[in-house]
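Here is the structure we will look at, set down as C-alpha cells.
Source: prediction; values computed, not measured. Hydrogens, waters and symmetry mates are skipped; everything else that's a heavy atom, side chains included, is used. One is the number of the first residue; the rest follow in order along the sequence.
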Amino acid sequence: MEKAVKAYDEQVKTSRRKLAILGADKAASTYVLVCKSHLARQMMAEVTTTKTYENAETQEIKVIVSKHEKYVVREQRLAEHQQQDEHGNDIIPKYRVFKERIPVFGVSIKLHKKNIPRFMAKSHDTTLTQLSQWITKTLKAMVPVSEEIWRNLFLVAGIVTDGSWVIKNSAKVREKMRRMDLQSFSSKKQQTYDFSTMYTTLDLQEMKKKMGAYVDLVFEHMKWNATGYQEAKRGDEKVLLVHRKLAGKWLAANGKHGDTLCKKVVTPDRIKDWINYLLDNLYVQAGDLTMKQVIGIPMGASCSPFLANLMLFMYELEYFSKAIPSAAQKKDAAVKAKRIQLMRELSMCTRYIDDIWNPLVEPKRFQNICAQIYPEWLPVGKPESTGEKVNYLDMTIWHDGTQWQSKLYDKKEELVIKGLKINKFPHIQSKITTRCKYGCITSQLHRYSQVCTKTKFFVEAATNLYEAFIKKGYQKQKVDKHFEKFVMRNFNRGPCYIHPQTMQRRYNRRINVAQPFRCHKEKTTCRRASPSKSRTPKLQSMPLPPQPQPHPSTPISHISSPCHTPTSASPHATQDDGGHKTLTEVFQEISRSMGQHNAQR
C-alpha cells in the first residue's frame, strides 16, 4: 500500500512538472491540461513576435516599483505603506496599502474558439491598482454628463433618445425596444458586430488624445450648463469630488475642498495626468523578462472597460456632431427627412464595449457608416449574426409583427452541448453565507424579469433556475420561500399575474410528480384537475325522495342510485342496455316495492 501511494505521489509530481492546469474561458468548472513547454513557447511568441510589447527600459523590477511608489504614494497620495501598532496588528486597510509588485501574465483557453489562448495581465494588487481604481471612480462620475451631451446633440434634429450607444447591461436594450415600439419600427435584418481584437489593438497615443478631449468636453459642459453647486454660477469653473464609496459630486472650483485618502478633488489636469501616467507605465512580467505594453491596454485593469468605452464614444460623438447638423440644414425637404430618419434609426443602436447591436439599418449601409466612425486600425468587419432573431448579451431579440420581443439567452448552453461542465451558482457546501447563496435566486429573477418581455418567457427561465438550485442540494423550503416572495412582490396583479407556486408546480410536472391543482381562491380541489371523478351534472329539476330501505325480496344491486343516473331531460341521458335504468323506471320500481311491502304488512 505504501509503495502504491509513493508511486501515485511521484506520478502527480511528474505531471505537475510537465503540465499546466488552466481554466477555460466562460467555463469556470472546466480545466484544461496544457504542456508547459508548449505554453511557454506561445507566451514568448506573444511577447516577442508581436508589436504589442517591447523590452522595458530596465529589467530591474525594484526600479519600476520605486518609480510607481513615488508617484502613487508621495505625489498623489492614492495609497500608503502598511503600518502596525504596538501589538503587531495592521493599521492601514488593505484597499489603501501599496503593493510592491508589477502585473504578471495570466492565460485562459478559449474552448469555444478552437482552443485559442487568451493572455491577460493580472493587475490585481499591483503598484498601479489604486491609480486604476480612482480613474474608474472619476470616469464613472463623468459618464452621466457625456450622456446628456449626446441627448442634446440629437435634439438639434428633433430626435429624442435615451442616451448614447454605450450600455452597461440589458436594461438599456429594453428601453431601446420600447422606443422602437412607440415609433412603430420593425426589422427582419438585425445584426450584431464584434471587434475581434479591440483591447490589444488600441493606439495608446490616440487614446490619450481622445480621453483628453473627453475630459475637456465634460468639464466645459459643466462650466456653462450646470448651476446650483455650492452657489456656483454659470460660467464658473467646476471640480469633481470623488469619494471612495459615495457618488461623485460637482462643486465650484473656488470653494474649500479637502483632499484625503478617502476622497479626491479632481480637476481636468489631474485626471488627464492620471490617465497619461497609467498608459505610459503598463509593465508586465513574463518569466524572467520585464516587458512594456505599447499597443492596447491590459484587460486586467479595473479602468480598462471605461477607457475603451469612452474612446469609442468620442469617435461616435464626432461622427454625429457632423452628421446631425448637416442633416438638419438640408434645404430639400425629402432629402432632409431621409437623413433625419437615418439618424433616428442609428440612435437605436447599442454597444457593450466591443459588441454592437444594429436593429434597423441595412447591413451594407451600417458597415459603411462604421468605416466612417472608427479608425482603420479598428475595423468592425462583417456581421457576427444577422436575421429576424439575433442573440445579443443575455437576450434573444426579435420582432413578432406587432412589437419587439426578447427572452433569456445563455451563451454557456452552447458550451454545455459541446460537453463542457458549467458551474453557474455556488455549491451548497461553499463557505459563503447562507444569505449570499440564496440571494442568487433573487438577483437572477430580477435579471430574468428585465430581459423577458412576456410572462411565459419569464416562467420558463425561472423554472429552469428552480430546477438548478434543487439539483444542487439547496433546501426546497427555502428555495420555495425566495421564489414565492419574489413573485408575490413583482407579479401579484394585472395581466402579468403569476401564481406564487407556478415554478414549483412546473418543476413537479417535469419530474412526473402528481400534484392536485388547488385554486388560489378556494380551499377545495379544482374539478378540471380531477378527471377521474364523475362529471355527471347534479339533478336540479325535482327534489329526490329519500331512498327507502330495500325489501328482502328485492336485491339492492338491482336498484340504480338516482344520484349517479342522468335525467331524461339532460343532453347526457342515454338508454343503456347494460342494466342501467332511467329515472322513470327507478321510481316505478320503487313504487312497486313500496306497494308490495305495504300489502304484506
Side-chain angles (χ1 to χ4, degrees), residues 147 150-151 153-155 157-196 198 309 312-313 315-317 319-320 323-324 327 337-374 378-411 447-454 457-458:
E147 292 292 304
W150 181 283
R151 290 191 293 268
L153 174 61
F154 275 80
L155 284 176
I159 302 173
V160 179
T161 181
D162 58 335
S164 67
W165 287 8
V166 181
I167 62 173
K168 59 182 179 180
N169 51 41
S170 56
K172 201 168 182 179
V173 179
R174 285 294 307 274
E175 179 62 24
K176 298 282 187 181
M177 294 167 57
R178 188 187 68 82
R179 288 185 175 275
M180 288 191 291
D181 285 335
L182 293 176
Q183 300 180 38
S184 300
F185 283 146
S186 63
S187 175
K188 293 185 178 180
K189 291 185 178 181
Q190 305 178 70
Q191 314 111 53
T192 60
Y193 299 85
D194 183 15
F195 296 98
S196 57
M198 186 186 71
N309 246 337
L312 299 185
F313 168 83
Y315 284 120
E316 295 153 4
L317 184 66
Y319 171 80
F320 286 109
I324 290 178
K338 290 182 179 179
R339 295 295 298 274
I340 292 179
Q341 180 66 13
L342 176 62
M343 296 296 108
R344 184 175 286 109
E345 292 176 355
L346 287 172
S347 69
M348 300 300 175
C349 298
T350 62
R351 178 177 55 78
Y352 181 78
I353 305 180
D354 59 345
D355 294 328
I356 302 177
W357 174 53
N358 168 36
L360 301 175
V361 185
E362 295 180 354
K364 291 185 178 179
R365 191 170 191 179
F366 185 77
Q367 291 177 39
N368 294 333
I369 292 174
C370 288
Q372 302 176 35
I373 295 177
Y374 304 111
L378 195 63
V380 173
K382 295 182 180 180
E384 193 176 38
S385 62
T386 182
E388 296 184 9
K389 184 180 293 188
V390 296
N391 299 321
Y392 182 66
L393 301 184
D394 59 345
M395 310 171 68
T396 299
I397 309 172
W398 74 97
H399 192 273
D400 63 357
T402 305
Q403 61 182 4
W404 288 88
Q405 303 289 352
S406 65
K407 63 180 181 180
L408 184 68
Y409 166 71
D410 191 355
K411 186 184 294 185
R447 185 169 70 92
Y448 296 171
S449 63
Q450 179 177 275
V451 168
C452 300
T453 53
K454 288 188 175 182
F457 301 149
F458 170 81

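Between Ser406 and Cys452 there is no side-chain heavy-atom pair separated by less than 4.5 Å. Lys176 has its side chain within reach of Asp162: a pair of non-hydrogen atoms, C-beta onward, lies under 4.5 Å apart. Cys370 has its side chain out of reach of Tyr193: every pair of non-hydrogen atoms, C-beta onward, lies at least 4.5 Å apart. Between Arg344 and Phe154, every side-chain heavy-atom pair lies at or beyond the 4.5 Å cut-off. Between Ile356 and Phe366 the shortest side-chain heavy-atom distance falls below 4.5 Å. Side-chain contact between His399 and Trp404 is present, with heavy atoms from C-beta onward closer than 4.5 Å. With a 4.5 Å cut-off on side-chain heavy atoms, Val390 and Glu384 do not count as touching. Between Trp357 and Ile167, every side-chain heavy-atom pair lies at or beyond the 4.5 Å cut-off.
In this structure, Leu153 CG and Met343 CE are separated by 10.0 Å, a value rounded to the nearest 0.5 Å. Atom-to-atom distance recorded for Tyr409:OH and Ser170:OG is 14.0 Å, nearest 0.5 angstrom. The NZ atom of Lys382 lies 10.5 Å from the NZ atom of Lys364; values are rounded to the nearest 0.5 Å. One finds the CD1 atom of Ile324 at 8.5 Å from the OG atom of Ser347 (value rounded to the nearest 0.5 Å). Thr453 OG1 to Gln405 CD: the interatomic distance, rounded to the nearest 0.5 Å, is 3.5 Å. In this structure, the separation between CD1 on Ile369 and CG on Asn358 is 8.5 Å, given to the nearest 0.5 Å.
Listed here is the closest heavy atom pair of Val173 and Thr350: CG2-OG1, 4.3 Å. For the residue pair Met395 and Arg174, the shortest heavy atom distance occurs at CE-CD, 3.9 Å. Shown here for Ile353 and Met198, the closest heavy-atom pair between the two residues is CG2-CE, 3.4 Å. Residues Ile159 and Ile340 share a closest heavy-atom pair of CD1-O, 3.8 Å. Residues Ser385 and Thr192 approach most closely at OG-OG1, 2.5 Å, considering heavy atoms. Residues Leu378 and Leu312 come closest through the heavy atom pair CD2-CD2, 3.2 Å.
A tilted orientation is assigned to the rings of Trp150 and Trp165, their planes being inclined by 30° to 60°.
Enclosure of atom OH in Tyr352 is not indicated, since only 12 or fewer non-hydrogen atoms of other residues, nucleotides or ligands lie within 6.0 angstrom. Heavy atoms from other residues, nucleotides or ligands lying under 6.0 Å from CD of Gln341 number more than 12.
Taking a cutoff of 4.0 Å between a charged side-chain nitrogen and a carboxylate oxygen, Glu345 and Arg365 do not qualify as a salt bridge. Ion pair Lys172/Glu175 not flagged as a salt bridge, since none of the NZ, NE, NH1 or NH2 atoms sits closer than 4.0 Å to an Asp/Glu carboxylate oxygen.
Side-chain contact check for Thr386 and Gln191: no donor-acceptor pair (N or O, by modelled atom type) lies under 3.5 Å.
Of the possible donor and acceptor atoms, one in the side chain of Arg351 sits under 3.5 Å from a partner among the backbone N and O of Asn309.
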Open item on the list: Go through it in stages, so that I can follow the logic: the residues are Val160 and Leu155, the test is side-chain contact (heavy atoms from CB on, under 4.5 Å), and I'd like the CA-CA distance, side-chain angles, deciding distance and then a yes or no.
Closed with: CA-CA 6 Å; Val160 179; Leu155 284 176; 4.1 Å; yes
Task: Test log, rule side-chain contact (heavy atoms from CB on, under 4.5 Å), inputs Arg447 and Leu408 - done: CA-CA 9 Å; Arg447 185 169 70 92; Leu408 184 68; 3.6 Å; yes
